[in-house]
Amino acid sequence: MKTISERLATALADHRDGHIDRAADAYRQMLKADPNNVDALHLLGLTELQAGRTDQAVALMARAVQLAPWMVEARLNLANALSQRGDRDNALAMWRSVLALDPSNTAAWHALGAASAGHGGAGRAGAIRALRRAARLEPTRAEIHHDLGLLLRQDDQNEEAIACQRQALSLQPGMLSAWMSLGNALLEKGEVLEAETALKRAICLAPHRPEIWFNLGNLHYRNANLEMALTCYRRSAALGLAAARARVVATLVDLRRDGEAEVALVAYLPLDGTDVSTCLEYLYLLLVRGDRQSEARSLFSRLETVPMAGRLYPVECRTALSALDLADGDPAKAVARLENLRSDNCWMFTVRSLAALERTRRQQGWHWHRPSNHDPTRPRLTSTTLGNRGRFAHNVLEYVLLRLYAQQRGCILETPDWVGGAYFELDDPVPSGPLPPWPFGRRILNGFVTGHYQGEAPVDRDALSPLFLYDYPLALRDRVRSWLRPRRQWAPWIDPPVNALRAVGKTIVAIHIRRGDFLQYGYPITETQSYVDWLRRLWPTLDKPVLYLASDDIPGVRAAFREFRPVTLHDAGPAWPGLEFLQDFHVLTQADIVGISAASGFSQLAARLNKNAVLCVEPDLATGGIKPFVGWV
C-alpha cells in the first residue's frame, strides 16, 4: 500500500500532466484520511482555481496557509485566487506577506506591481517600484518588462516605456501584446512610421485579433487617413471588439457620411458592449447637423425608455433634449430638465452648466455674442472634444495647452461652446469649419510648448482629448492667469462667499476634499484626518483664521473638521443653482491658504490661479501627511 507521500507524488504528477480531475480526486481521498494535510489542501485548492471555482479555491488555500503560515507557494496561489475573485485588497496583502517571508520572490513582486496601480495614478508609483524590483531579480522575463512598460506609459514616462517594450521583444520576439504596446507608445511619441511597423508586425502574428486592427485604425486616424482608419475600425468591430463600434461611427461622422453613420448607429446601439453614451452624442450631432431638431426631440424622448445594450440611458437622452432647449433659447427649461440628475457624464455637465450660465445672463439682461474668425487666411487649431470629454478643470487645462500651442505656431484658436469659455473672459472665435482630427497629440503639443520637440508642427487640425500641460513653468504663470479671469458679470454670485469669509476672519484657509467619482474609479482619496492633524498644528499660528470647506461630499467630510467650525458654500451663499462648483472654485482662487485634494485638477488649477495665497499644500500620499504644493516651477 502506498504511503501518503507516494500518493501525493502520483497525484501531483497527474496534476502536472493535465489530468486535473484525477488529481483532484486523489487530493480529496488524502484529505479524508488526513484533513490537515496542507499539501493536499493547497493543491486541491489549485485544481479548484484552475476549474474557475474561486470561492472553493480560496477556502482550501486559506486553510493550508492557516495550518502552515510559512508555506510561500500556498500564499502566492491564495493571492492569485483572491485576485481572480476580485478581492484586490486582500490579494495585495497576501502578496506582501509572501515578500515578508521571501523578499526575492519575483512572482510576488511581479503580481504586486501588476495589480497595485489604480485609476488616476493611485498606487502607480508603488507598482512601478515593484515591477522594477521584479525586473532586477529576473531580467530575462519578458512579461515583467512588458507590464513595466505599460505602467511607465500611463505615468507619462514614454521613452522608458518604449525601451521596456523593446527589451521584452528582444527576449520574446513573438510577444503580441508587446508589439501592440510598442506601436501605441511610438504613435503617442509621433513616430508614426515606426509605430505602423510595430502594429503590422502584430497583425502578422495574429491577423484575427480585433485589438490590433483597432490600434492600426487609431494610427491612420492620427494621420488623418480617415478611409484607412474606417477600414481598420470596421474590421475590428466585425471581429468582435465593442470599442471599435463608436470609432466606426466617429470616423463616418468626420467623413460627413451621415447616412452611413446613422445606419451604423442603428446596428450598434442594441449590442452588448457598445459605448452607448458616446454613440448617443453622435446621434444628436447628426440630427442637429441635418437640421432635424423636431425629429431629435421625438427620438430622444422615446429612447429615454428604450433599453440599449442592456440598460436605459436617461442621462444622455435628457442631455440631448436639454441641449435642444438651450439651442432653442430656453435655458431655464434646459436647466430644469437636468437639475434632478446626478451623473459624471461630461456632456451633461457642459450642457447643464452652459444653460445655467445663460439663464443667469438672461436674468441680468446682458447678452454675449461669440466672435467669428477675423482672419481666415491664418492657420487654425480647434478641439471639438473641448467640453464633452471632461469637466471644468479638465477642459480648462486642455484649453491652456491648446492656446499656448496656437500662439507659438501662429494659429487662430477656435473653440466650441464650453464652460470655461463662458465663465472666463475668453473670446475665442467659434469653429469656422471642420478640420482633420488629431488624436494622441498631447506629447507633441507639450513638446512644442516646452521646446523639447522639433518634428512636424501640425496646424489646421482638430486636437482631441485627452490633453493637458505636463509642466507649469513660472514663465507661463502670468500669461495663463491673464487668460483665466472670471467675467465681471458673475461677481454677484462668486464674490459674496469670499466677502462673507473676510467679514468673520483675517486668514481664509480653503480646503478641497474630493470624493464622488474618485471613490467609484479608484483615484487617490484625500484622507480628512491628514488635513485635521495639519490644521491642529497650523491653526494657533494664524491671525483670526476661518476655514472654508469645498467638497462634492460636504455631509461626509464636514464633521471631521467640526473643531475648526468650518464654513461651506451653504453658509456663505448666495444660491447659484447648478454652478456651485464655480463659487467653490472662486473661493479657492482667493484664499490665503489653500489645501488641494489629491489628484484633483480642480483644486490644483485653483491653487495655480490664486494670487493671494501665502501657502498651498497637498496630501503626501507616501507618508500620509501634508506637504507644500508648488504650482509653478
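Numbers for residues simply follow the sequence, beginning at 1.
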Working to the nearest 0.5 angstrom, can you tell me the gap between L464 CG and L386 CG?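 L464 atom CG to L386 atom CG measures 11.0 Å (nearest 0.5 Å).
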
Evaluation steps, side chain to side chain contact (heavy atoms under 4.5 Å, CB included), between Q50 and H15: CA-CA 11 Å; Q50 291 167 321; H15 197 161; 2.8 Å; yes

Any chance you could lay out the side chain to side chain contact (heavy atoms under 4.5 Å, CB included) test for C616 and E618, step after step, and finish with the verdict? CA-CA 7 Å; C616 295; E618 65 179 340; over 6 Å; no

Please verify the inter-ring angle class for F448 with Y453; under 30° counts as parallel, over 60° as perpendicular, anything in between as tilted.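 Perpendicular.
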
Under-4.0 Å salt bridge between [X] and [Y]:
X	Y	result
D275	R245	no
E281	R389	yes
E188	R153	yes

Expected output: side-chain [X] to main-chain [Y] donor-acceptor under 3.5 Å:
X	Y	value
T526	A598	yes
N446	F468	yes
W179	P173	yes
S83	N80	no
D462	T384	yes
H42	R75	no
S603	S597	yes
N610	L588	yes
T278	A246	no
R133	S104	no

My understanding is that only one of T251, L252, L216 makes a side chain to side chain contact (heavy atoms under 4.5 Å, CB included) with Y233; could you say which?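 Filter result, single survivor: T251.
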
Is it true that the NZ or CZ of R514 lies under 6.0 Å from the centre of F602's six-membered ring and within 45 degrees of the ring axis?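 That pair does not qualify as a cation-pi contact.
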
Beyond-backbone contact of [X] with [Y], side-chain heavy atoms, under 4.5 angstrom:
X	Y	value
E159	K189	yes
E227	L255	yes
L402	Y405	no
V480	R608	no
Q408	L404	no
P619	Y531	yes
V594	F629	no
P437	L226	yes

Atom of R378, atom of C411 and distance for their closest heavy-atom approach: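 Between these two residues, the closest heavy atoms are NH2-O, 3.4 Å.
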
Would you say N345 and S277 are linked by a side-chain donor-acceptor pair, where the criterion is simply a distance under 3.5 Å?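 Yes - a donor-acceptor pair under 3.5 Å links their side chains.
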
If you take the centroid of each ring, where Trp contributes its six-membered ring, are F349 and F581 closer together than 6.0 Å?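 Ring-ring flag for F581/F349: true, centres closer than 6.0 Å.
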
Do I144 and T106 pass the side chain to side chain contact (heavy atoms under 4.5 Å, CB included) test, and can you show the C-alpha distance, the side-chain angles, and the key distance before you say yes or no? CA-CA 9 Å; I144 297 174; T106 304; 3.7 Å; yes

Counting heavy atoms not belonging to E73, are there more than 12 under 6.0 Å from its CD?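 Count not over threshold, so no.
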
